[in-house]
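Okay, so here's the structure we're looking at.
Please read all numbers here as calculations on a predicted model, not as lab measurements.
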Amino acid sequence: MRGPVIPLSICQLPILGLLQLPLIIAGLLAFNSLQGLAELSTKHFPHAPQENESVRITAETTGPPHQKTLWLHYQLVDPGNYIALSDANYQTDWISVPMSDEGLFGDTSPHDGLFTVTLGPELQRHRRLVRYRCSKYRSPQFPLPKGISQNAYFVYNGVPDWQGAINPRSKNPKLAQAVSFSSKALTRVPVYHLISKQEFVEQATWRPRSRSFQSGGGKRYEHTGTFVYQGTVYDHIQFRARGGVWRHAMGKNMWKFNFRAKQPFQAHDHFGTPYESHWDKLNLGACIQQGNYGMRGEQGMFEALTYRLFNLAGTPAPATHWIHLRIIDHEEESPRDQYSGDFWGLYLAVENLDGSFFEQHKLPQGNLYKIENYRASARHLGSPFKQSNAAPAKFLQALARRRGIDDWWETNVDLGSYYRYRSILEAVHHYDIGHGKNYYYLYDPSQAKWLTIPWDVDLTWAESMYGSGHEPFIRAGVFRNEQRRHAYQSQLAEIRDLLFNESVMSTLIDDHARIIDPPEDNASLADADRALWDYHPVMNSRESMRHKADQGQFYFRNSEADLNIMTGYMKQFVRKRSQWMDRKLLQDYTPLSRPVIQRQKDKEGASAFQFSAALPSDRNEPVDHWQWRFALIKTQERDQPARYEIESPPIQGRHGNTLRIQKERWIPGKYRVRSRAVSPTGKMSRWSLPFECQI
């Protein structure tokens, strides 16, 4: 769409001729109209109206020239008849009504510069999008400023119940029986609406007829729509399919949304807490595994848990939360055919790696580069040196030349962060990194060192998943140095003790599963997603790839199973993988003996806990000092996340083998106590087994 035409200067008039003077005057009037429009602040009430509810729209002038008359221009966009920004009728289908500053049309205070108009209840229809803008001219047909100066609201009565069967065409009554999923179950997670044209939606998420699967598709956002969350309308956003060579192969595919610069997206986590920064991009994972790996039905748990583990271990990684996606591209919301209508199921929102990532994770502003095929492309440049690809290219070249033992690693790499990254990578078998992809490099100018940031972690939690795990640091011999290898093993052992073990991981897995499949919901959102997608016709069509999609793949092809079979598998994987890590990665690790801690008997009315630690009596190992942990642990609740032991840092300082805890200094709750010994040479023991107590 064209932007405003800048009026020509008076000195150009003789050249153009007097016959063109009326056109120039019209241009001046249009320009003044835009200037007046830019001085208006508009809003509507209620923020998220329902059907048959009047909506009051106000426009406030914020500076001279003060307006005497204002007009509201509104556009009605009904379900199945989306009006895109590029459509000709976007410019023409507007209705104009006068606004009042005279105490009329809902205006409460005359002559206060606040103009008001009320749109009656007959205009408010369920699932209708209403766009509006204000000007001092009656005609709505004037050029809009670049960036679109326009507001909108979405009329919605709430998410309805939904019915679906696992396989409505099956001869097995259990599979063909439709189940009712309540609105309460479907709204356990944030609900995102996309309003667009049917052809836009299908061209984005399903394979275009002219494109092969392996071509992957480009980075261009070829389609537009309107995005709605918590009543806030993000109009004229762009969207496309997300992913590489398999982006259209799975039937249920991934999405990427690009928000306008003037209205970035405010997302909230599972517990309703807004993220630290707004998002320019929104990534949606499809929560569906590639069919040929046999893991379909984990519902995004692999990806969500992996990113959570990285963050808990101290490696910055994208935040995630599950969402319920609804798409309005048809007139009917819930037709009889369960595979039509607004309900598109369960998706995983994944934080984009860009400038907002630094704010969310409280990182010093630095440079961020995505690595693909061992080449770097800049995603954010925020450090004092603004070179785009010169710095990472130099770093990658140095990595390729590393041989033997030297101090280059300590000078250029945040090794502590890398050890934690490598520990979680091994824990979940995130091995699809061997071809120089699926990670970012971050340059931290505060310490002039590089960090590795994980990405694309869906092919995890199975030793059969693709990849060797040989990323550039391993190829360059980071662990050929015995001191670095021991430091890594020490970090890996700590993560085994505090995080990646059967006890903690069982809780962590259950906490995540409870978000999408709570015990109180007999028919949960996870179940509804399975009903929608397990036998969806697209899974067995030319729009997907048979061995990547196919039907009946959920829950190890067990039609009577549910998400519990996948959480049980994940817990079994933790047990087996833990044993493998101890046997393979920690076999030659020789720490001090693991200490044993005891709690001293409290005197009646004592205001403190006291603990003591000791190495086994049969081991004569010198101890220089002891380290202690006193960590709060909390059970996850609907409105509050759990707190895990590893989130509490060790008690600072050098300590003896006794620890005294003053109860009044700590908030009430459940605590876990551990200790480890440190020798005069810096050699450490593993953390002791935990001792739990209540304040």
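- At least one cation-pi condition fails for R296 and W533: the charged atom is not both under 6.0 angstrom from the six-membered ring centre and inside a 45 degree cone around its axis.
- Of all heavy-atom pairs spanning R220 and R240, the tightest one is O-CD, 3.3 Å.
- S524 and D521 form no side-chain donor-acceptor contact under 3.5 Å, judged by distance and modelled atom types alone.
- A centroid separation of less than 6.0 Å is found between the aromatic rings of Y192 and F265.
- No close placement of the H512 and F302 rings is indicated, their centers lying 6.0 Å or farther apart.
- You'll find the ring centres of Y347 and H321 outside the 6.0 Å limit.
- Residues F227 and I195 are not in side-chain contact: their nearest non-hydrogen atoms beyond the backbone lie 4.5 Å or more apart.
- Y74 places a side-chain heavy atom less than 4.5 Å from the side chain of V97.
- Side-chain contact of N89 with T92: a donor-acceptor pair under 3.5 Å is absent, judged by distance alone.
- The aromatic rings of Y90 and H236 stand perpendicular to each other, their planes meeting at an angle above 60°, with 30° marking the opposite boundary.
- Other residues, nucleotides and ligands contribute at most 12 non-hydrogen atoms within 6.0 Å of the CD atom of E331.
- Summarising the geometry of W279 relative to F259, their closest heavy-atom pair is O-CD1, 4.2 Å, with the distance given to 0.1 Å.
- At a cut-off of 3.5 Å, with distance as the only test, a side-chain donor of H278 or Q266 sits close to an acceptor on the other residue.
- Stacking of K136 on the aromatic ring of W71 is not recorded, the 6.0 Å distance cut-off and the 45° axial limit not both being met.
- D342 places no side-chain N or O within donor-acceptor distance of the main-chain N or O of I328, the cut-off being under 3.5 Å.
- At a cut-off of 3.5 Å, with distance as the only test, no side-chain donor of D458 or Q289 sits close to an acceptor on the other residue.
- The side chain to side chain donor-acceptor pair (under 3.5 Å) test with D235 is passed by exactly one of Q263, R260, R131: R131.
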For a side-chain hydrogen bond (donor to acceptor under 3.5 Å, both in side chains) check, start with the C-alpha distance between T58 and H44, then their side-chain angles and the critical distance, and finish with the verdict.
CA-CA 6 Å; T58 60; H44 61 269; over 6 Å; no
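- Between Y307 and W455, the ring planes are tilted. Angles from 30° to 60° get that label.
- With H248 contributing its side chain and N253 its backbone, the two residues share no donor-acceptor pair below 3.5 Å.
- Heavy-atom minimum distance, D529 versus L346: OD1-N, 2.8 Å.
- Comment: R379 does not engage D354 in a salt bridge, judged by the lack of any side-chain N to carboxylate O separation of less than 4.0 angstrom.
- Checked against the 6.0 Å centroid threshold, Y275 and H268 do not count as a close aromatic pair.
- The shortest side-chain heavy-atom distance between P190 and Y229 falls under the 4.5 Å cut-off.
- Proximity of R247 to M254: side-chain heavy atoms (C-beta onward) are nowhere separated by under 4.5 Å.
- Residues D517 and R188 are not paired through a salt bridge, judged by the lack of any N-O separation under 4.0 Å between the basic side chain and the carboxylate.
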Verdict with supporting geometry, T224 and I237, side-chain contact (heavy atoms from CB on, under 4.5 Å)
CA-CA 6 Å; T224 60; I237 58 96; over 6 Å; no
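- Ion pair D329/K197 not flagged as a salt bridge, since none of the NZ, NE, NH1 or NH2 atoms sits closer than 4.0 Å to an Asp/Glu carboxylate oxygen.
- Taking both residues in full, the closest heavy atoms of A549 and G251 are given as CB-N, 4.4 Å, listed atom of the first, atom of the second, then distance.
- For Y132 and H73, the ring centers sit 6.0 Å or farther from each other.
- Applying the ring-ring contact (aromatic ring centres under 6.0 Å, His included) test between H193 and each of Y156, F257, F343 identifies Y156 as the sole match.
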